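Below is one structure; the comments refer to it alone.
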Amino acid sequence: MKNVLEFSYLIPLFPLIGFLITGLGRKYLSRPLTGIIGSGVILISFLLSVWIFFQVKEGNSGVVSYFNFISAGSLKIPFSFQIDALSSLFLLIITGVGFLIHVYSASYMHHESKEHFARYFSYLNLFVFSMLLLVMGGNFVILFIGWEGVGLCSYLLIGYWFKNTEYNYAARKAFVMNRIGDLAFLIAIFMIIAKVGSVNFGDVFSAEGLQKLAPSATIITLLLFVGATGKSAQIPLYTWLPDAMAGPTPVSALIHAATMVTAGIYMIARSNLLYSLSETTQNIVAYIGLATALLAATIALKQNDIKKVLAYSTVSQLGYMFLALGVGAYTAAIFHVMTHAFFKALLFLGSGSVIHAMSGEQDIRNMGGLSKKLKITFFTFLIGCLAITGIPPFSGFFSKDAILLAAFEHDERGKILILYSISLFTALLTTYYMFRLLFITFTGKFRGTQEQEHHLHESPALMTIPLIVLAVLAAIGGFIGIPEVFVKGGDRLTPFLSKVIATNHEPVSRSTEFFLMGLSGVLVVATIIFTWFRFKNYQPKEDKGFGKVLENKWYVDELYDKIIVNPLNKLAGFLNNFFERFIIDGIVNGVGRAVNYSSRQLRLLQSGQVGSYVLLMVLSILLLLLYQFFIKK
Amino acid sequence: MQIDYYIYISLALFCIGIVGVLTRRNAIIIFMCIELMLNAVNLLLVAFSKMHHLKNAAVNASAGSDGQLFVFFIMVVAAAEVSVGLAIIVMMYRNIHSVDINFLNRLKH
Amino acid sequence: MGVTPILFWILSVVALFSALMVITSKNPMHSVIWLIIVFFAISGHYLLLNAQFLAIVNIIVYAGAIMVLFLYVLMLMDLKKETEPKKNRWLKLAGAVAGGSLLLVLIAALKKADLANQFAETRTGDIGLIENLGKVLFNEYVVPFEISSILFLSAMVGAVVIGKKE
Amino acid sequence: MNALIISGIMGVVMMFSGILLKQRSSVRAVALTGLFVAIVLNVMEMSGFHLFKIDITGMMKFDRLALFFNTIAMGCTFIFFLLSAKEMEKVGLNYSDYFALIFFILCGIILSSSFSSLLILFLGIEIISIPLYILTGSDKRNLKSNEASLKYFLLGSFSTGLMLMGITLIYGNSGSFSVEVIAESISKPDVKPGILLIAGLLLLMFSMAFKVSAAPFHFWTPDVYDGAPTVFTSFMATIVKAAVFIAFLRLFYYAFGNIHETWKLIIAIITALTLFIGNITAVFQQSVKRMLAYSSIAQAGFMLMAILALNASATEGILLYTTAYCLATIGLFAILVKMKDYTFEGFNGFAKHQPLLAAVAVVFLLSLAGIPLTAGFLAKFYMLNAVIEKGGFLWLVIFAVLMAAISVYYYFRVIQAMYFKEGEAQAIEVSTSFKWTIGLVAALVILLGVYPQLLFSWFYF
Amino acid sequence: MISLLLILIPLLSGIASFFFKKENAAKGWALLSSFATVAVSILGLTILNKTELLQFKCNWLPGLGSSFSIRLDGMGQLLCLLTAISFPLIFIATWNRTYRNAHNFFALMLLSQAGLMGVFLAMDALLFYFFWELALIPVYFLSSIWGAERRIAATFKFFIYTFVGSLLMLIGLIYIHSLTPDRSFDIRSFYAVAIDNKTQHWIFWLMFVAFAIKIPVFPFHSWQPDTYEQSPTAVTMVLSGIMVKMGLFAVIRWLLPVLPSASFAYGEKMISMWVIVGMIYASLLAWRQDDMKRLIAYSSIAHLGLMVVAIFSESEIGMQGVMIQMFNHGINILGLWVIVEILERKYGTRKLSELGGLAQKAPAMAIFFVVVALANIALPLTNAFVGEFMMFTGIFTSSMSEYEMITVPAAGITIILGAIYTLRMVQKVIYGNTNALTETGTDIGYNEKLVLGIIVILIIAGGIYPQAFLSLTEETTKFILNEANIYPSLGK
């Protein structure tokens, strides 16, 4: 009897169906109906994912392939799905969080007209579909299809309010930056094909596959990593993510926090065996991750747009994950992906609820004291903050601690604590800006306009329920990975992923581990208290000096414009206005003119005088005779 | 008589004719120079015919006579040409009262 | 040296000289006269080559008919010498040079031809006599002879077409 | 031979028909019937029927090439009569004499396409030339016509002088005017050909080049074609030129083919010059008539390639080429004659006013430009093919092709004027029969362009 | 039989169409005949797919060793299918246009279709050249009569330009013919002929220039934007959808296998590098265009450049990619032109600066537009992705390539640039706010919905299950590459 995993194609199928229904029927479906269909299909695939998850848990994992996607010459690319621990875990996150956010959106977007409402849901479903393709894909090509698919959906959703030109530019920026990464990814795929002759994970990560790849492992992994930096917003390609906040808030929660941006981590984790072949790449990954984490955190310190803060915090957290990947703690990275999905989704949805309450206002300087009116939102947001700052026993604590620990171990091998210390510092920065956000938004007194004030209200249940669910998850989600130091066998994640991910770190002594936890815990709490005193009664004021630099994001966008965009633009202008017109076309037309001119001259030979005719004839006879008799030999 | 003398003389006459064509403007004179060229040809033809006769009289009694006959035909043609040519020149003269070929410049370029 | 070469040279010199006079003399009438002299010199050559028939025909047709026709036309137009104004000196020069160098080139080329021991027999050989020519003409050359009638017809028609007043 | 006799007689008949017949239409009828008879008899001669038993050995040789070309030439003349005979009335009063002269020219054509003795060649060329001088000048009150005819006459008789000198020198070398004798006198590869022969050969080549209006001996062509009455231009630019080409090919194929190596470079130079001057100069012309004169020079350049190649496909090629060229040019002139204004602007908006004529003209122009599906393309193709098969003249081939591309420029100017430019077309009256005839000619052009076997199956009768 | 019909149907119906008087009659007739052609070509693909039906041969010019021989092979199947499908789509999409002397218009269109079919079918060099020109001439007239105001100059340039090219090609063909042992133009003798390297090299250039002009390859492209801009859109569709493929097709069938060692010597190194420069150049220019037609023209230069590079990589997968990409690109660009046609007819402009906000006014069109645009930037699950992926793989993994680490990334830059200019176009046209011009915009009609629908279906289908086409062209590819393989022929 054939493997039940055969049916895993249903998981992406349902979102696709949802996309088609809501997309094509957008004129005819009422808003509630659209919401039900849109969320329903996700729910179904969530349930299926759960089922698959348990299948995998019982050790029933493998590759199911359906048909030949491309088969030419020696190259065969099947359309196949890889169902194993890694993908099934991601399936849960995507469909689970995805479902909650769909539900949330149904209420958040209710003021849109029904066509656009349906358009929104169809995009969202399409996104889930592509994301599922991405994580289920049984080879690099299918993965890449999903990879670009999610890019497309993020493009569509960022530009969802297409009347606004700013948003459109943001969308384009996101897509193009992703494309840059994708190009590197593609080249990596070509190299893999050239070396191994196949793109199936099974062949590539098999012993002989790896052995074939070993010589060029560094370049391949680096190219893959560049792809990842595009998708997961790392230096140097991170600038699109903050702009992506142009999209509706649930979108930011789902795509630009919980799922899509973690595709890079997934991809690298998926090819961890390959990465383990190249020390260099791993270091580069680690340091890029760390740098991104730090940079984003510093920028986040000074942002006043509630979503921008969260966006930069996302970038920073992603940096953490790459750090983990870099130091070889793949499990920790995955763990953090999961917890981050919970609390960052929670935070975004919370902010969405705030924005909703403030009727579209996003600048925290005009908020304050919202805790009285928006109780649920406030509490859930608080949990989110605690989780992200890693206060035990919230989920963030476990995952972040795992990463810090891994960094520490890595440093111990390198005998200097640079990775650890900086990441710890970043953790404190995180704490600082998150609580700054919390305090400025929810404490103190209201700074907004009058009608905003009496319009203030808690969001409807459809929005709060997801908040609560996520809050719970954010609170307890960490318990699947309790460090061994607390409970023997508390870490259920590592063994579960062990089939896919080689664990290669020898544990440090218990005492050290306790000490590190203690240290970070104390520092974090201290930071919180410091922040409280700083912002308990906050008054907006103009930043200057270094603060201004941070507020302007280190002027990175301007820099990119200066060194890349503008020169390219000028070059294109030159080519179009000068080179094409006067050189390329000029030569062609020049030939024509030359013929015309020579014609005008040559016809003067036809002087009309018999005398000159005869003379010319005699002369040419003369020359020809000379040639024949005296020159030609 | 050595044949190349004949060759040189008739070539000389021929080229004098050409020079005449080149240097004069009076259509009639030019025409006369052309006649001169023809006569140079005739002379050479006759010389050649006699040369060939001398060479091949043994095998063929009438060897070389065709050269002289050709001269005869050239004269025939020349006569015909003259009649037509002078007619044209006269017609021209009727119209523009000149036989100067430099006035023939309506057609050019 | 015998009488033949002397005659030959005299005739040649006369022919060349009067030919030059043809193209140099201002007055068309004089040119005609000089040309007639050329024809006579050439007929002399024919006689020297023992081609009496051609010699006679040459005199009759050219000197007699054709040149008279020329004279007639010239008188009809009574062209004064000044009717031919100065032609561009440079063109004249160029023409002379071109013709001269053509002559040089031809001679230089034909010099290489090995005709050193080739002779045109003079004063003997009877192919030039009317009866021989007649035989050949009306045997082998009867077709072209007939054909030349077409030539004359066309020339006649042409002369009529052109000459007829409308 | 049959054709020669008939057309000779017809010439005489036409001379008197002017006096006997009052109706010009009946004169035309006589001419057409006579020509038709000539064609029929000629075709019969192909299958071995002779009117009279005349011994022409050593003078003429009515071989396949000659007979076949005569058919083509007379066929084209027939078409020419059908299309443009009426237009001759406009030229002058001596209507019937024009026919007579044309018939005499036909005699010359037949002679020069079938000669086997330089004497006949000379006579043939002269019989062609002398009536042409007349026809050129036949529009007596038109100064341009006079001028053209005088220029043509002076230059033509000058080239006759050259030709005679050439023949003489050749005679001096080989002691005969017969082509066969000349050919076998130079047949031995080890013996170097005599200088006299080469010099004479070159002079002959130049005079022939003059007759086919090849550069640098082309100068008479534009003036004469432009000045002559358009009807006769169309005749002399097509059929006559074709005939001289056949004579040219015959002469250099049968007489001097053995020493091809010694003169091929000269002919190559002449070809290149002709192509260059013809095409380039045509570009700037303002009058379609004069443009066609230059284009005839350019086409001559292509036909000269046959004489350069001198192989089987060259012979086939030149037959196809002459046919294609004659048909197209006669057709174009037939339309042009009816126009008042010969400039390109004169054709503006012609397509709206005369859709059929415009379409037909397009076919002819495409054929001249050598666009596939028209006879012109295959003709050019055969030429290129011949030269490439011969080998060694690739530069010439590429050059020729580029020039052909330039020729597109001026041919298509007419098309552009007719179709794409707005303008009040000049009113011209055309009879239905004319339309049918010219339509058939166009059809023939396309037919030959698609399936030339039609022609060659005749050639290998 | 099938192959003969593919030529005869358009040819005869085209000639017949000259004699129609009423516009709608001519339209209907043209549509009818184009449907017939589609039917035949699909039959040829499916139930009548038998060798003896797909080929036809008869005497033509025995003197020259040329015969009227046509055959449908895999590549031909694909391109004839493209040609067949395109025309009805074009006719339907431009149904609402009215042309003066419509009967002539449609007649010429059908004639050019016949020519195109012939080019893809011809198995005889001379015949190939015939059809090559036959396809060109009608287009010249179409553009010059029904084009925009600067049409005469632009199309004339186009004509002379391509004509020069094809004449040079003709010389090459004749020369090869003169080298064939049996003096034949038949493709088999062309493949069999052994030419020494020196000769191969200059013949190669003679012929490649012709194809490079047709494709067009930088710097021979300057005719293209002008011509596309000035031609009526229906003609532009033919030009860019099908006619430019003639060049690629010719390189594959008449250049690579006939002159293998020259193709090897120049193809991968010089030409590929050069073409890639041209691709980037064209992409940059496309980025700066304001007129949609010019923009699409330049973008297609970039796309076709990639195909050229892939062809010369001479790898099986790359070649397969080229073959299906020829089809896909035809479909995609057709879609783009349909959009342009709609915009031009509705709003009388093609300028990006004058359009905008149409997503509100014409959502259906907007959706189609976005899909087609995404296909233009080769997004996965669209047909173009498959083609480009395969081509890149071919270039990268080809045994010919030595500089793949330079060429592929360089060519890859055009992927990024492609995204930039295509999305710019999309954004300027359908996003943003409406302006005075587009305020009154309305959505598209049924005929346009139908056409775009078909196109989108083809796009998606080709993107999800390309295998159908791949199996079609596999045999041809193997054959061509085997002929083009120089390692045996280097000794020649």
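Protein chains get the first letters and strands the later ones, always in sequence-line order, with residue 1 at the start of each. Bear in mind the structure is a predicted one, so any value in this text is a computation, not a measurement.
- Rounding to the nearest 0.5 Å gives a distance of 12.0 Å between CZ of B:R94 and CZ of D:R141.
- The side-chain heavy atoms of D:E126 and B:E81, taken from C-beta on, include a pair separated by under 4.5 Å.
- No side-chain heavy atom of D:F104 sits under 4.5 Å from any side-chain heavy atom of D:I130.
- Both the backbone and the side chain of D:Y171 come within contact range of chain B, with heavy atoms under 4.5 Å apart.
- Interface summary for chain D: among B:C33, B:G64, B:S49, the most heavy-atom pairs under 4.5 angstrom belong to B:S49.
- Contacts between B:L45 and chain D at a heavy-atom distance below 4.5 Å involve backbone atoms as well as side-chain atoms.
- Heavy atoms closer than 4.5 Å to chain B are found in the side chain of D:Y294, but not in its backbone.
- With chain D as partner, the option from B:M92, B:M91, B:M37 having the largest number of non-hydrogen pairs under 4.5 angstrom is B:M91.
- Only the side chain of D:F122 has a heavy atom closer than 4.5 Å to any heavy atom of chain B.
- Within the 4.5 Å cutoff, the side chain of D:Y254 has no heavy atoms near those of the D:S116 side chain.
- Under a 4.0 Å N-O distance rule, the pair B:K108/D:D226 does not qualify as a salt bridge.
- Contact annotation for residues 155-162 of chain D against chain B (heavy-atom separation below 4.5 Å, listed by residue number): D:S157, D:F158, D:T160, D:G161, D:L162.
- Taking the side chain as every heavy atom from C-beta outward, D:F177 and D:I120 never approach each other to under 4.5 Å.
- Looking at heavy atoms from C-beta onward, D:F232 lies in side-chain contact with D:Y98 at the 4.5 angstrom threshold.
- A distance-only check finds no donor-acceptor pair linking the side chain of D:N94 to the backbone of D:G18 [under 3.5 Å].
- Within the 4.5 angstrom heavy-atom criterion, atoms from both the backbone and the side chain of B:L104 approach chain D.
- Side-chain atoms of D:V288 and D:E345, non-hydrogen and from C-beta on, never get closer than 4.5 Å to each other.
- Heavy-atom pairs under 4.5 Å with chain B were tallied for D:G175, D:G227, D:S129, D:S176; the largest tally goes to D:G175.
- Contacts of B:I34 with chain D are made by side-chain atoms alone, with heavy-atom separations under 4.5 Å and no backbone atom involved.
- Using a 4.5 Å cut-off between heavy atoms, D:S287 makes no contact with chain B at all.
- Residue B:N56 does not touch chain D at all, counting heavy-atom pairs closer than 4.5 Å.
- The six-membered or imidazole ring of B:Y6 lies away from that of B:F48, with a centre-to-centre distance of 6.0 Å or more.
- Listed here is the closest heavy atom pair of B:A78 and B:E35: CB-OE1, 3.9 Å.
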